[in-house]
Amino acid sequence: MRVLKIALREIKENFRSKKAMVFMVLFPIVLMTILGFAFSNTFNGDHKISNISVEYTDNGSKELSKGFNNFVDSCEKLGIRFHEVKEIASGINDVRNVKYNCAGYIVLRGNNIVFYKNDRDFVDTNIVETILKTFVDRFNVVAVVAKENPQSLSKINVSGNYDFAEIVSLNSERQPSSYDYYSITMLTLIILYGSISGIYSINSERVRNTGNRMLTTLAKKHEILLGKILGSSLSVFLQSILVFLYSRFILKAYWGNDIYTITLIIISEIIFSISLGICLGFLFKNSGVASGIVNAIIPFIAFLGGSYFSVDAAVGLFKNLSDISPIKWTNSAILNVAFANNYNDVLLAIIINLACAFVFVFLAAYLFRKEAF
Amino acid sequence: MKAVKFERLTKRFGDLVAIDNVNLEIEEGEIYGFLGPNGAGKSTAINIICGLLKIDSGKVYVMERDIKREPDFAKMNIGVVPQDIAIYGELSAYENVSFFASLYGLKGRELKESVDMALEFVGLQDKANWMANKFSGGMKRRLNIACAIAHKPKIIILDEPTVGIDPQSRNHILESVKKLNEMGSTVIYTSHYMEEVEAICTKISIIDHGKIIAEGTKEELKSIITDTNTVMITVTSVANIDENKLKAINGVKSIDIDENTVKIVSYRDVSNLDKIIHYFTSDGIAIKNIETQTPDLETVFLTLTGRKLRD
């Protein structure tokens, strides 16, 4: 109960602070509007399937090879280009290095198909993956029918004249516009800056002496810590909703069809960010030093994490650096869910955020063990 | 019943001994004053009583129960008015008092009534919905007190509650302290202002270098440094004064005449002022002024510690 009281007070204070509201709500709204407008020409909303390139190696069974060749013919009519490679290692390498802008590499082995995805171009890769799944499903059906009731095979169209209805459901024509992109990345960026709320939450208790006053009541240290994390996190979450509503209804930004998963990712980032701030608040008695550190690090992390421009196509050292930015995984997971129905990064992003949060909360609790604020 | 009791209490900060093997007893219903310069150990003692600092050795009892074993019992029975104002500027006066009272477990109707009572007590009921950051310094001090009393503690600790406020608010706070005491609370009061302590405290201890160097009522403390009272009588002429007659009055210790002023030093335990005045009037010596000199707490403090309270 005391945890809720402390959290509620934290929320009231945050929402009554003009400074906090300007920084956490107005600032991202202005940023996403300006950046969205300024870079509207550099984001191309049309996605041409004719640009997609796929490599494959055919070591499959006779039936599979035959079916796959029909599949390749159908795909090439759609404009997807296929290149055969002899060496599997070479194909994997081409995907890894994005040779020919390669969206993926398919290996036929007996009756099995292995698909190596290019994880840097999620739209192209997902188009190929979905088409391939359709082929695999049809092939499996035909294989089962051939085994169980061969007479029925004549009734099934095995000519390879596929109707890839799934392509439509892929949002394949939807690439993020500048407003879409900056609505997502500016929201995740400002959530990262929410760590300053965490710093302020601890430091203000120290400056106003209210922290020690709380400790003279029946409130326990763990209740104060939990109340502060909960209150600050809820404050940032509510502020994020305001920013989201602006982007959704004023900027008409697209957030995909699965807002629940995106909300989960956002909540995990908020917990990460607030925990970081609260930890720094305990670590540095001077909030100026703690805020200075945050202000110095965040632009760098944000740059690497794709807040200002997409880092999907990054290679080499920049890609490695980008991978250590926690916001990169958050941005990537949200963009993948919204624009490609791809959930591969969701769990990883949530785990990274919550694992870091756990470490920060643990450290904050350790620092709070001392006698008073 | 002992409201607060220290038993061989010691608290160290590194090499510094902030409280040095102190024994102390504060009876229920007292207004107990802690006097001491900065760094003497007053705030350390208070922070230990209210649970902000851990004890290195010794024991502290609140309402005769060990605070180490029953910290929640001690906290429930104590209300702390910290030296530095500890309120939330972005919350209203009502929300501030309600928040701290709720942390003591008060809720519902009981909470509302307690908050109303506390605000009325400090005279802020008509400003209950004002944001605290709109308050003057004096009003903030009063709100600071309200936040400490809403849960109806038996012991109220006020640490320098009148620092930096106007005389009107100071009087209000001093009257509030007396009223709280009359309502049954034990009050522990620290102040740099000697006259405040002298005016309201029923018992006083003087702390220096982590030790209690003197304890007692005001009179008891004054008697530590002197056993005499001095009367200064200014007359129109000292020509007819008979020093032997004055010295013969019971209790008179010494006489000193300087121009038109006669300084008469008497033993404190003898009441002889009426006889001294009678001597002057019966001998036809016109008295222009009478002034008595008794040591104040500042003098006591200076004598015992070798420095002024505000040094």
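Residue numbering restarts at 1 for every chain, and letters A, B, ... go by the order of the sequence lines.
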Are B/K75 and A/T216 close enough that some pair of their side-chain heavy atoms sits under 4.5 Å apart?
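B/K75 does not reach A/T216 side chain to side chain.
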Are any non-hydrogen side-chain atoms of A/T217 and B/M76 less than 4.5 angstrom apart?
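Not in contact.
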Any Lys/Arg nitrogen of B/D72 or A/K220 sitting under 4.0 Å from an Asp/Glu carboxylate oxygen of the other?
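Yes, B/D72 and A/K220 are salt-bridged.
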Give a yes or no on whether A/K5 atom NZ has more than 12 heavy-atom contacts from other residues, nucleotides or ligands under 6.0 Å away.
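Not more than 12 within 6.0 Å, no.
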For A/F362, does the CZ atom sit with more than 12 other heavy atoms under 6.0 Å from it, leaving out its own atoms?
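It does not: A/F362 CZ has 12 such atoms or fewer within range.
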Could you go through the salt bridge (charged side-chain N to carboxylate O under 4.0 Å, His left out) check for B/E95 and A/K12 one step at a time?
CA-CA 10 Å; B/E95 287 169 332; A/K12 270 187 195 170; 3.4 Å; yes
Given B/Y88, which of A/E13, A/E205, A/R208 fulfils the side chain to side chain donor-acceptor pair (under 3.5 Å) condition?
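Going through A/E13, A/E205, A/R208 one by one, the side chain to side chain donor-acceptor pair (under 3.5 Å) with B/Y88 is satisfied by A/E205 alone.
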Hey, can you pull the donor-acceptor pairs under 3.5 Å for the side chains in residues 121-135 of chain B, sequence neighbours left out?
residue, atom, partner, partner atom, Å
B/N133, ND2, B/G89, O, 3.2

At a heavy-atom separation under 4.5 Å, does B/I78 approach chain A through its side chain, its backbone, both, or neither?
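B/I78 has no heavy atom closer than 4.5 Å to chain A.
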Enter the distance from A/N209:CG to B/D84:CG here, rounded to the nearest 0.5 Å.
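Here the interatomic distance stands at 4.5 Å.
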Counting heavy-atom pairs under 4.5 Å to chain B, which of A/R2, A/R16, A/R213 comes out on top?
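Counting heavy-atom pairs under 4.5 Å, the top option is A/R213.
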Pick one of side chain, backbone, both or neither for A/M214, based on which atoms fall under 4.5 Å of a heavy atom in chain B.
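Both parts, heavy atoms under 4.5 Å.
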So for A/L8, is it side chain, backbone, both, or neither that comes closer than 4.5 Å to the heavy atoms of chain B?
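Answer is neither: A/L8 stays 4.5 Å or more from chain B.
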How would you list, in number order, the residues of residues 96-113 of chain B that have a heavy atom less than 4.5 Å from chain A?
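The stretch touches chain A at B/F99, B/F100, B/S102, B/L103, B/Y104, B/G105.
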Any residue meeting side chain to side chain donor-acceptor pair (under 3.5 Å) with A/S268, in chain and number order, not counting sequence neighbours
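Listed in chain order: A/N353.
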ring-ring contact (aromatic ring centres under 6.0 Å, His included) involving A/Y193 - partner list, sequence neighbours excluded
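Applying ring-ring contact (aromatic ring centres under 6.0 Å, His included) to A/Y193 gives A/F23.
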